[in-house]
Every structure is written in C-alpha cells, then in structure tokens.
Amino acid sequence: MNTSANSSSNRTPLIAGNWKMNMDHVQGSSLLQHLAEALSEAKHDYDRVEVAVFPPFTSLSAVQTLIQDDGLGLVSGGQDLSPFDSGAYTGDVSGRFLARLGCKYVLVGHSERRTIHGETDEILNAKVKAAYRQALTPVLCVGEGLDIRRAGTHVQHTLAQLRASVDGLTTDQAAGLVVAYEPVWAIGTGEVAGPEDAQEMCGAIRAELAGLFGQDVAPKTRLLYGGSVKASNAPSMLHETDVDGVLVGGASLDADEFASIAGFERQLAG
Ligand code: 13P
C-alpha cells in the first residue's frame, strides 16, 4: 500500500480528476466548490494525499482563480499542451500559459489524444519536454487497446510507449514524472482492470524506469492507474505496491464520489 503512512514509500498518492470535454467555466466553478466542500467536510489532508483536477482549457482560469482566492489545497492541470512554447500554432495552448495560470500538472498522451488526434510517441516526447521547460509536471498516459490485451503483448506495447516518451529526460525529470497506466479497453466502459492488472503494469513500468534512469530514480516516480475508477474500486487499486494514485474520468464529475475516492485511506483502514 502506497500511502504516506507506509514507510517503504515516500510517494505522495495523487488522486487526479480528468474532466475531459465536460464542465464549462460556470459548471466547473460549481463542481470545484462542491469538491472543496466535500473534502473539507472529510477533513482531507492535502499534504498526505494530493488532489488534482484537469478542467478543459476554457474552465481552467475560473478553477485556478477559485483555488488561489479561497486558498484551497487542490491543484490543477491542463489536459494537453503544445510541443512548442509560442508561435503560429492556431488552436494550440502553450505550457507557458498553463504555468502562468498556476497549473502544476499537464496530461500528455491521453489515449483520446493518441486515437482522435493521431498523437505519436515522438510528439508526446516533445510535449513532455515542453512541459518541463515550463516547470510543469507531465502526467504521461500510456496503455494498450483491447486487441493488444487479447494478444497478450500489453506489457511490451505499454513499455515501448513509455520508452519513446521519456527519451532524453534527465534523472531529476524522470523522478518527478507521473505516469498513468490507462488500459484503453477500461476507459469509460465500466470495464475495470483488476488490481493485479494495475500492479502487473505499474511494476513493469517501475522496473523499466529503473533500467533507463537508475535504481535510485524509479522508486520516486509516481504511477497511477486509470480506467473506470470509482469510490468502490479505488482502494483496492491503491492498495497495490506500485500504484501511487488514480486518474479518474467520469467519477471525477461527481464531487462526492471523487472526494470519497480521495478518502481511500479511510476505506482501507475500515
Ligand atoms: P473513466 O474513469 O471515465 O473510465 O476515464 C478514465 C480516463 O480516461 C481518465 O483519464
């Protein structure tokens, strides 16, 4: 189990909510307020378990203003960024703009970006580096589709995505990175991978990072599981040795549900 109560791991658990293309800035402000209230009622300790939200770009400013003005313990991130810092890239958003808003994180390579927008591992490697140029922490998403899972080559496939995306990072960058394992077949389908599936992949990712960046780096990198996570299944995922958090889609749009995911330690204790 990877809570800060566990002396074998200093990795702070990260509970991340990817709102995807939901919540305009009015709805997003309301969701954030409800979430902050639910966490406050639960006496959530943000130093112990970090809570991050990833609103759409147009809602980020409203959410970030609330976080700053109300001194909330939550942090925010963008759902994507340009590989470039500025220039003639119509429709793209620079990591610099996200950093300026006060974002801490940015998602890179979500499967919906890979599939719908054709983002390749080379582009994602450039995006990871663009994030670090602006002192943002990338949450790099990797994972296999159903065909690859059925063929039994999911570990090789996912590690190949990882290797290509982290190419050229420094050891400090690799240590600070967050990697989210999201099996595509478990996203938005209600089909949840088992805790042992999450552990198999997160263990393989950590071993790969140790091979690439060293045995002292890999234990620092935080690894998340994502795909149909709810309050009912989050604790068993987070109980696994190499699972340091969850990346939540649908259930992050319900403030009470997401707050109870963030309170997974109580469920594990109870
Ligand atoms: P769901 O939790 O809705 O399956 O989405 C997972 C996801 O894609 C988070 O990034």
Side-chain angles (χ1 to χ4, degrees), residues 13-23 27-28 31-32 35 50-57 59-60 63 74-81 98 103-119 124 127-128 131 136-146 148-149 154 157-158 161-162 165 177-195 197-198 201-202 205 222-238 240 243-264:
L14 172 60
I15 308 301
N18 175 10
W19 294 359
K20 306 194 179 184
M21 200 173 73
N22 299 293
M23 301 291 149
Q27 297 167 317
L31 175 59
L32 191 88
L35 177 59
E50 197 177 14
V51 181
V53 293
F54 294 79
F57 287 134
S59 305
L60 255 177
V63 161
L74 296 134
V75 293
S76 75
Q79 294 179 10
D80 181 39
L81 81 168
L98 299 177
C103 290
K104 177 172 179 186
Y105 292 105
V106 62
L107 299 182
V108 175
H110 190 280
S111 64
E112 287 145 20
R113 301 291 316 171
R114 293 176 188 262
T115 311
I116 303 167
H117 298 275
E119 295 191 356
L124 300 178
K127 290 189 173 195
V128 166
L136 293 165
T137 297
V139 178
L140 171 68
C141 304
V142 293
E144 81 287 353
L146 190 56
I148 291 165
R149 165 65 56 164
H154 49 286
H157 173 89
T158 303
Q161 287 180 331
L162 175 75
S165 307
L177 184 69
V178 178
V179 181
Y181 169 54
E182 296 207 309
V184 181
W185 49 272
I187 294 179
T189 58
E191 194 74 40
V192 63
D197 296 317
M201 192 64 81
C202 289
I205 290 172
R222 286 184 295 171
L223 309 181
L224 315 185
Y225 167 78
S228 298
V229 171
K230 302 180 197 61
S232 56
N233 58 30
S236 61
M237 292 290 175
L238 285 148
E240 295 293 334
V243 179
D244 308 312
V246 285
L247 181 54
V248 186
S252 72
L253 302 177
D254 178 328
D256 292 325
E257 178 82 7
F258 190 58
S260 58
I261 294 173
F264 69 95

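Indexing begins at 1, ligand by ligand and atom by atom, following the structure's order.
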Salt bridge (Lys or Arg N to Asp or Glu O under 4.0 Å) filter on Asp80, not counting sequence neighbours, yields Arg113, Lys127

Indicate the atoms forming the closest heavy-atom contact of Ala180 with Leu247, along with that distance. CB-CD2, 3.8 Å

side-chain contact (heavy atoms from CB on, under 4.5 Å) partners of Ala231, counting only residues at least two apart: Glu257, Ser260, Ile261, Gln267

List below, pair by pair, the N or O atoms of ligand 1 and of the protein that are less than 3.5 Å apart, including the distance to 0.1 Å; reply 'none' if no pair qualifies.
unit_1: ligand 1; atom_1: 2 (O); unit_2: Ser228; atom_2: N; d: 3.4
unit_1: ligand 1; atom_1: 2 (O); unit_2: Gly249; atom_2: N; d: 2.9
unit_1: ligand 1; atom_1: 3 (O); unit_2: Gly250; atom_2: N; d: 2.8
unit_1: ligand 1; atom_1: 4 (O); unit_2: Gly188; atom_2: N; d: 2.6
unit_1: ligand 1; atom_1: 4 (O); unit_2: Ser228; atom_2: N; d: 2.7
unit_1: ligand 1; atom_1: 5 (O); unit_2: Lys20; atom_2: NZ; d: 3.3
unit_1: ligand 1; atom_1: 8 (O); unit_2: Lys20; atom_2: NZ; d: 2.8
unit_1: ligand 1; atom_1: 8 (O); unit_2: His110; atom_2: NE2; d: 2.8
unit_1: ligand 1; atom_1: 8 (O); unit_2: Glu182; atom_2: OE1; d: 3.4
unit_1: ligand 1; atom_1: 10 (O); unit_2: Asn18; atom_2: ND2; d: 3.0
unit_1: ligand 1; atom_1: 10 (O); unit_2: His110; atom_2: NE2; d: 2.9
unit_1: ligand 1; atom_1: 10 (O); unit_2: Glu182; atom_2: OE1; d: 3.2
unit_1: ligand 1; atom_1: 10 (O); unit_2: Glu182; atom_2: OE2; d: 2.9

Give me the one residue out of Val178, Val179, Val128, Leu107 that meets side chain to side chain contact (heavy atoms under 4.5 Å, CB included) with Pro138. Val128

Using the salt bridge (Lys or Arg N to Asp or Glu O under 4.0 Å) criterion, which residues pair with Glu182? Sequence neighbours excluded. none

Min side-chain heavy-atom separation Leu14-Tyr105 under 4.5 Å: yes

